[in-house]
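To keep things clear, I will list the structure first and then write my remarks on it.
So that the names make sense, note that chain A is the first sequence line, chain B the second, and so on, each numbered from 1. All heavy atoms count here, side chains included; hydrogens, waters and symmetry mates do not.
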Amino acid sequence: MKITNKVKTLGLLISAVLFLSACGVSSSDSSTTSDDSDNDSSNTETVITTPSTFTINDGRTLGSQCAQCHGTNGISINKWDSIAGEDDLVDEVYEHNDPIMDAQMKGYTISEIQSIQTWLSTVKGGDDD
Amino acid sequence: MINNTNRRDFLKLMGLGTLISLSPISLSAATTPHIVIVGGGFAGATCAKYLKMWGGDSVDVTVIEENSSYISPILSNLVLNSQKTTSDLTFSYTPLKDTYKVNVINKTLSSITSSSKSISLSDGTNIQYDKLVLAPGIDFEYTNSYDISKITHAWKSGDQVNLLKDQIQNLKNGDTFVMSIPKAPFRCPPGPYERACVIADYLKNTKNITVEVIVLDENSDIIVEKDSFKAKFDEYGINYMPSSVVSEVNDSTNTIQYVQNEVTKTLSADVINVIPNQKAAKIIFDAGLNSGNWAPVDTISYESTIQNDIHIIGDSQGSSQPKAGHIANSEAKVCADAILRKVNNEVLFASPKTNSACYSPVSSNEATWLTAVYNYNSSTKDMQLANTTDFPASGTASSSNYDDMFLWSGNLFSDTFK
């Protein structure tokens with residue numbers, strides 16, 4: 001459908017007011033828990049707000065594949081590394097001494113990792129804020 | 001890009017909400033794309049969450065799931081040796097509803113009418129979709145009819161796992177336990193080997209009893225992590241029988257008949273666990289979306305190659321990727337991103353990636369792992385290993401892997417259901 005730019009601009013302004021976090025994510029704690037509780041998230045309070053519109057982000061598309069192990073938007077709920085806010089991902093993944101991470105890295109090109117880093121560096125809530 | 005939902009919110013803020021709601025045509029229903037997801041497991045729940053987390057108000061998302069909560073098969077072998085309970089592995093749909101504003105309907109799908117882009121539920125409700133995502137998991141191919149409360153599969157979690165747990169824990173010294181492993185592909189490739197190890201370890205080292213453990217594998221060899229599982233099978237004295245095809249199961253005599261090297265044999269046992277051969281869920285076949293046992297898709301978006309606007313993710317889809325919860329979560333994100341690009345008239349991401357990782361317990365304090373990354377191949381429309389050499393696996397089982405297993409599953413569960 002067609003919509004005037006005026007309405008669009010107003011809508012975005014309102015969105016910005018409603019959704020205080022630009023990336024839509026914040027977390028009160030993401031680094032210290034270490035228990036093995038499987039379905040208990042009481043030790044972390046991640047606040048996720050949904051956006052008003054969809055914006056393409058190739059780095060996010062790729063980086064969402066890190067979340068299975070590192071948490072949604074790179075914010076881990078346990079003592080495995082949070083990677084949200086990461087701005088030296090390329091160095092970090094290749095220096096890694098963890099065997100399963102080393103195995104994962106065999107599947108990614110440097111440009112893909114850079115693309116993921118570009119996105120992660122904009123995400124708040126990790127260890128590297 | 002903006003849509004009517006945003007305009008509606010804007011008008012509401014301007015105090016005009018009432019005017020809109022009196023309008024005979026709901027602007028939202030008429031124009032906001034409606035994505036309907038059938039199945040709320042690792043694939044379906046992840047897809048719903050990410051559609052709303054990324055697409056927000058630009059899409060309406062409905063999940064049709066017959067159960068009011070989800071019990072994870074991942075870690076469920078640890079219920080058998082009392083390291084976990086099914087309650088530990090149960091996840092609510094409340095976060096999907098409350099945090100992500102997903103409409104969750106706990107009803108059963110009865111049919112799909114692709115010509116009118118609608119589905120109907122068992123209570124007669126019809127629901128229109130713009131995009132339909134099917135994430136219905138697996139169905140079994142039983143050799144014959146028998147009572148699964150006596151001879152379990154325990155390959156969908158919940159009551160079945162607790163039944164098998166009770167049977168295992170009641171075994172006595174001198175008893176026999178037989179389990180069978182289906183022909184690949186099946187859900188969770190390491191799972192049956194892991195189960196054999198966990199049970200044998202429990203009987204030997206926790207209950208301190210001698211029970212003969214026999215594993216009938218329809219495959220000609222252990223299909224994943226062969227060295228690690230073989231070492232454990234030897235340690236526990238598991239009697240492993242490759243190329244053994246189950247042909248009949250009898251719940252009154254508690255016997256299992258199988259064919260190995262063209263010779264038919266019958267085993268009698270105190271407890272039998274048959275993990276049957278598997279195929280896509282019934283709704284895939286009913287809707288004509290299968291080719292053979294699985295649903296063919298183009299993994300750039302997981303759209304069916306048979307029917308437009310229907311996407312299939314998780315264990316029912318027929319790509320060459322393994323079938324398991326972790327990679328179902330992975331596929332769901334690729335699918336969610338592709339659907340959002342499609343409904344917003346954007347070009348699809350050309351080189352999606354997925355990954356698989358699995359930690360397998362092999363005792364009450366040790367685990368192994370394996371992992372792989374997959375690239376999109378635009379010629380085959382399928383995923384392929386992202387590296388020509390084999391991805392390394394853990395090799396020897398260890399207690400540090402066991403601890404890591406809960407960190408892996410903790411984030412995976414959270415990424416899917418929270």
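For B:Phe417, no part lies under 4.5 angstrom from a heavy atom of chain A. Residue B:Lys101: no heavy atom, backbone or side chain, is found under 4.5 Å from chain A. B:Ala336 does not touch chain A: none of its heavy atoms, backbone or side chain, sits under 4.5 Å away. With a 4.5 Å cut-off on non-hydrogen atoms, B:Ser92 does not touch chain A at all. For B:Ser400, no part sits under 4.5 Å from any heavy atom of chain A, backbone or side chain.
The NZ atom of A:Lys79 lies 12.0 Å from the CZ atom of B:Phe406; values are rounded to the nearest 0.5 Å. Once rounded to the nearest 0.5 Å, the distance linking OG1 of A:Thr50 with CG of B:Leu51 reads 12.0 Å. Rounding to the nearest 0.5 angstrom, the gap separating the CD atom in A:Gln68 from the OG atom in B:Ser414 is 12.0 Å. To the nearest 0.5 angstrom, B:Leu340 atom CG is 5.0 Å from A:Phe54 atom CZ.
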>> Set out, in order, the CA-CA distance, both residues' side-chain angles and the distance that settles side-chain contact (heavy atoms from CB on, under 4.5 Å) for A:Lys106 and B:Val373, then state yes or no.
In response: CA-CA 8 Å; A:Lys106 289 179 183 293; B:Val373 179; over 6 Å; no
> For A:Thr72 and B:Met53, what are the C-alpha separation, side-chain angles and deciding distance, and is it a side-chain contact (heavy atoms from CB on, under 4.5 Å)?
Replying inline: CA-CA 10 Å; A:Thr72 301; B:Met53 193 170 78; 3.6 Å; yes
> Does the side-chain contact (heavy atoms from CB on, under 4.5 Å) test come out yes or no for B:Asn411 and A:His70, once each step is laid out?
Replying inline: CA-CA 6 Å; B:Asn411 275 327; A:His70 293 283; 5.5 Å; no
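Residues B:Asp57 and A:Ser52 meet the side-chain proximity criterion, which asks for heavy atoms closer than 4.5 Å. A heavy-atom distance below 4.5 Å is not found between the side chains of B:Trp54 and A:Asn57. Using a 4.5 Å heavy-atom threshold, the side chains of A:Ile100 and B:Tyr359 count as touching. Residues B:Trp408 and A:Asn78 form no side-chain contact, since every pair of their non-hydrogen atoms from C-beta on lies 4.5 Å or further apart.
Heavy-atom pairs under 4.5 Å with chain A peak, among B:Pro352, B:Ser330, B:Pro95, at B:Ser330. Between chain A and the residues B:Thr416, B:Asn329, B:Asn355, the largest count of heavy-atom pairs under 4.5 Å involves B:Asn355. Taking B:Thr46, B:Asn401, B:Asp404, B:Leu370 one by one and counting their heavy-atom pairs under 4.5 Å with chain A, the maximum is reached by B:Asp404.
Side-chain atoms of B:Lys353 never come within 3.5 Å of backbone atoms of A:Thr61 as a donor-acceptor pair (strictly under, hydrogens ignored).
With sequence neighbours left out, the side chain to side chain contact (heavy atoms under 4.5 Å, CB included) criterion links B:Ser69 to B:Thr90.
A:Thr53 approaches B:Ser58 most closely through the heavy-atom pair CA-CB, 4.4 Å. Closest of all the heavy-atom pairs between A:Gly107 and B:Ala386 is O-CB, 3.6 Å.
Applying the salt bridge (Lys or Arg N to Asp or Glu O under 4.0 Å) definition to pairs two or more places apart or across chains, those involving residues 321-333 of chain B are B:Lys333-B:Asp415.
No donor-acceptor contact under 3.5 angstrom links the side chains of B:Thr354 and A:Gln65, judged on distance only.
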